[in-house]
K.L.:
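The following block contains the structure, expressed as structure tokens.
Note on naming: letters A, B, ... go to the chains in the order of the sequence lines (proteins, then strands), and numbering restarts at 1 for each one.
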2 protein chains.
Amino acid sequence: MSTSEAASSPHSRVTIAQVARRAGVSPTTVSHVLSGKRAVGAATRGTVMEAIRELGYRPNIVARNLRTRRSHMIAVVVPDITNPFYAVLTRGLADAVDAAGHGTYVCNTDGQHERERKFFQDAMDRGVDGVVFASGETASQITFGEVDQQTPIVCIGDQLDHPLCDAVIPDDETGSRAAGSFLASRGYERIAMIQGPPHYGAARTAGFRSAMQAAKRKVPAERMVRGDWTRKGGYEAMKALMALDARPDAVFCANDMMAIGALDVAHELGLSVPEDVAVVGFDDVDAATIVTPHLTTVRNPAYEAGGTAGDLLMSRMSGRYTGTGRTVVLPCPLIERGTA
Amino acid sequence: MSTSEAASSPHSRVTIAQVARRAGVSPTTVSHVLSGKRAVGAATRGTVMEAIRELGYRPNIVARNLRTRRSHMIAVVVPDITNPFYAVLTRGLADAVDAAGHGTYVCNTDGQHERERKFFQDAMDRGVDGVVFASGETASQITFGEVDQQTPIVCIGDQLDHPLCDAVIPDDETGSRAAGSFLASRGYERIAMIQGPPHYGAARTAGFRSAMQAAKRKVPAERMVRGDWTRKGGYEAMKALMALDARPDAVFCANDMMAIGALDVAHELGLSVPEDVAVVGFDDVDAATIVTPHLTTVRNPAYEAGGTAGDLLMSRMSGRYTGTGRTVVLPCPLIERGTA
DNA sequence: ACCCTGAGGCAAAACGATTTGATGGGGTGG
DNA sequence: CCACCCCATCAAATCGTTTTGCCTCAGGGT
């Protein structure tokens, strides 16, 4: 009894050949009714469909991938999925490509170059159809090695030199300029900035500087300090700032987590925000509206970035676009809330 | 600097056959030096390695997967990767299985049954080596259909009836009891609870009730309200609670986001926490230490849950364990902070 | 001398699909 | 009635590995 029916064949999956035999046709025909790549007679199609249903046939995707050289899988390599920014970005990507039947393979690099390389290689070996690279600002040639000319890559937040990979970059500079101008227009005089670590977040620093210059605010070196993107780093940087002789009356932070650390200091010192000191962040993570008062910040469009990355990828995968690397820049609007 | 051989094959990848030809051996031998499944002479091995290096050979993983019926890929299906709890869980899983060379394929279901099924099917079709299911509390038989007896499944937060799939469940009940007892021991009298939606989070409610009974606190029905896990839901539930004639002096919330919503209400009403009203949450998300005062809560060990899920999976995949479904329960310790 | 064993290697058969070239059959127009 | 073309179908090759069975050659024990 076990040979004849579907449910009774316990562990080996049904193959296309079995369906074909059952329907009294060749495997080719079954394949064609499934893919629709060639016409199949209505009667035959019916018989085949019937057989498929009866046997509970499910195509073996691995075999299909081998033959077609498409995996319908996209790798996204990020520093840490635990970081809300990257989680949202990943979700944006997933939503964008899901409809087309693509899965997303997530790689956490912790920002380590070694792991970035390893995962990139791994993704290539696995035959993913595309990779979106959002880890590290230095999407160097070295990371990718000799890029397989076939599989598209899109870098988020950085522009790779390679002509065949697209880039989506949030407009950090304009956003930061807006933040700076806003603070100046509010009448703050001694405006400081907590930057990212050396070699990181250069655009945010540049935008801020440009705004200060336009507003005729001097920014002495001691008012430009650095943090390591974390809450703790922001806390320490703010501490240093508040110990200055000419205490800043406003602080622009290169990301929200550091801004939250800065607010910790303000609370600790009994300073009221924004009266005694204003704070502006960058990213607009969820936590920005959890802290009190709600954080004024610049929105970093993570979800949209992931989405457009997916679109760029798919336009190349489908062959709809072939050509030199495109760059789409996303606006980063200022969001006024309670801290400035 | 580029190797002349590797670069000369412009777009088609090097196959094992080419390596074999170059080394003057058969593909079989190359495979054996790679896998070590059979002994290979030292000299031959040297020649082969050399050829591999020169040609820049990388094995085609898809082909390997087809033959070996292993994909070294694990699917994790969660409601939403954007939710910090699941992000952390996913990271725990990824870290656990990465060392063994397994990738993680993330599926967002938004809690919709339909998507849960679809992704589960999809994962199976793709030939993943295992799936951890952390979406929905109702990991029903229906979701899985007739489970392929081959590929292991582990459910997080729920115990599936199926005997062959393992479960890791955070001990919600004990944790909630601890929270309840704690509030009682602090002398709060009119203790309320904001539960999850109907049919969800039953264990948390049960633990709380048990604690109330042990502490001889009556909990009238109007003090047991429901939210939908969100901040907004918590806000509204808390509003209702605070409008009661006998206003509660302590509120246990079934998760942190609702607790944060509850705190919003307290602030809005000018009530001081914990003097006027105490609040305790559940989960210990990052935001718990961002809100002021810091949230007293019960820790939900997301990272560990993901990790042990990975371990359970791997022990089955390797054949180290075969047998009926195991259940490991993880403790949820109370973390005292500022709101109670 | 003979058997047995283990090491080292190869040819060929899977794995389960897709794709290509060929083939037969039926209609239509000349 | 023939030429022609299109539709439906099939057999066989292909994708790039792994794995199985077999062969040969050496060496050691009896």
K.L.:
Side chains of A:Asp95 and A:Tyr303 only: does a donor on one sit below 3.5 Å from an acceptor on the other?
P.N.:
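Side-chain D/A pair, A:Asp95 to A:Tyr303: present.
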
K.L.:
Atom NE2 of A:His32 and atom P of D:dA11: how far apart are they, to the nearest Å?
P.N.:
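Value for this atom pair: 14 Å.
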
K.L.:
So which nucleotide from C:dG8, C:dA12, D:dA8 ends up closest to the side chain of B:Thr44?
P.N.:
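Per side-chain heavy atoms of B:Thr44, the pick is C:dG8.
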
K.L.:
Between A:Arg70 and A:Thr68, does any side-chain donor sit less than 3.5 Å from a side-chain acceptor?
P.N.:
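There is no such pair (donor and acceptor under 3.5 Å, judged by atom type) between the side chains of A:Arg70 and A:Thr68.
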
K.L.:
Please give, in whole Å, the distance from D:dC10 P to A:Ile16 CD1?
P.N.:
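Going from CD1 in A:Ile16 over to P in D:dC10 covers 12 Å.
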
K.L.:
Reckon A:Ser31 touches a base, only the sugar-phosphate, or nothing at all at heavy-atom distances under 4.0 Å?
P.N.:
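It contacts base atoms.
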
K.L.:
In whole Å, I'd like the distance from the CZ atom of B:Arg58 to the C1' atom of D:dC15.
P.N.:
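It is 19 Å, rounded to the nearest whole Å.
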
K.L.:
D:dT17 P sits how many Å from B:Arg21 CZ, rounded?
P.N.:
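So the CZ-P distance, B:Arg21 to D:dT17, works out to 12 Å.
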
K.L.:
May I ask you to say what B:Thr68 touches in the nucleic acid, namely base, sugar-phosphate or nothing, with a heavy-atom cut-off under 4.0 Å?
P.N.:
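B:Thr68: backbone/sugar contact only, no base atoms under 4.0 Å.
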
K.L.:
Rounded to the nearest Å, what distance is computed from the CG atom of residue A:Leu34 to the P atom of nucleotide C:dT19?
P.N.:
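Computing the A:Leu34:CG to C:dT19:P distance gives 12 Å.
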
K.L.:
Using side-chain heavy atoms (C-beta onward) and a distance below 4.5 Å, is B:Ile81 in contact with B:Thr90?
P.N.:
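Side chain of B:Ile81 against side chain of B:Thr90, heavy atoms only: contact under 4.5 Å found.
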
K.L.:
Ion pair present between A:Asp98 and A:Arg91, side-chain N to carboxylate O less than 4.0 angstrom?
P.N.:
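Judged by the 4.0 Å cut-off on N to carboxylate O distance, A:Asp98 and A:Arg91 do not form a salt bridge.
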
K.L.:
Using heavy atoms to find the nearest nucleotide of DNA chain D for B:Asn60 and B:Ser35 separately, return the residue whose nucleotide is more 5′.
P.N.:
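The residue mapped nearer the 5' terminus is B:Asn60.
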
K.L.:
Would you say a side-chain N or O of B:Arg69 is under 4.0 Å from OP1 or OP2 of C:dG16?
P.N.:
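Checking C:dG16 against B:Arg69, a side-chain N or O does come within under 4.0 Å of OP1 or OP2.
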
K.L.:
What is the distance from CZ of B:Arg70 to P of D:dT19, rounded to the nearest Å?
P.N.:
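Checked: the CZ to P distance equals 11 Å.
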
K.L.:
Side chain of A:Ala63 only, heavy atoms from C-beta on: which candidate in C:dG16, D:dG16, D:dT9 is closest?
P.N.:
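In terms of side-chain proximity for A:Ala63, the closest of C:dG16, D:dG16, D:dT9 is C:dG16.
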
K.L.:
Remember a base hit wins even if backbone is also touched, and classify B:Val25 as base, sugar-phosphate or nothing at under 4.0 Å, heavy atoms.
P.N.:
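Contact class for B:Val25: sugar-phosphate only.
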
K.L.:
Nearest 0.5 angstrom please: B:Asn108 CG to B:Arg115 CZ, how far?
P.N.:
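Here the interatomic distance stands at 7.0 Å.
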
K.L.:
Quick one: which of C:dC10, C:dT20, C:dT19 gets closest to the side chain of A:Arg38?
P.N.:
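The answer is C:dT20.
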
K.L.:
Over how many whole Å does the gap from A:His72 atom NE2 to C:dA17 atom P extend?
P.N.:
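That distance rounds to 15 Å.
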
K.L.:
I'd like to know if A:Arg67 reaches the base of D:dT14 with its side chain, counting only an N/O donor and acceptor under 3.5 Å.
P.N.:
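Side chain to base: pair found, below 3.5 Å.
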
K.L.:
By nearest atom, which of the nucleotides D:dT18, D:dT19, C:dA17 is closest to the A:Thr15 side chain?
P.N.:
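Nearest to the side chain of A:Thr15 among the choices is C:dA17.
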
K.L.:
State whether A:Thr29 places a side-chain N or O below 4.0 Å from either non-bridging phosphate oxygen (OP1 or OP2) of D:dC10.
P.N.:
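It does, given that an N or O in the side chain of A:Thr29 lies less than 4.0 Å from OP1 or OP2 of D:dC10.
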
K.L.:
Distance criterion of 3.5 Å, no angle test: do you see the side chain of B:Thr28 paired donor-to-acceptor with the base of C:dA11?
P.N.:
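A donor-acceptor contact between them is present.
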
K.L.:
Provide, to the nearest angstrom, the distance between the CG atom belonging to A:Leu66 and the C1' atom belonging to D:dT18.
P.N.:
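It works out to 13 Å between those atoms.
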
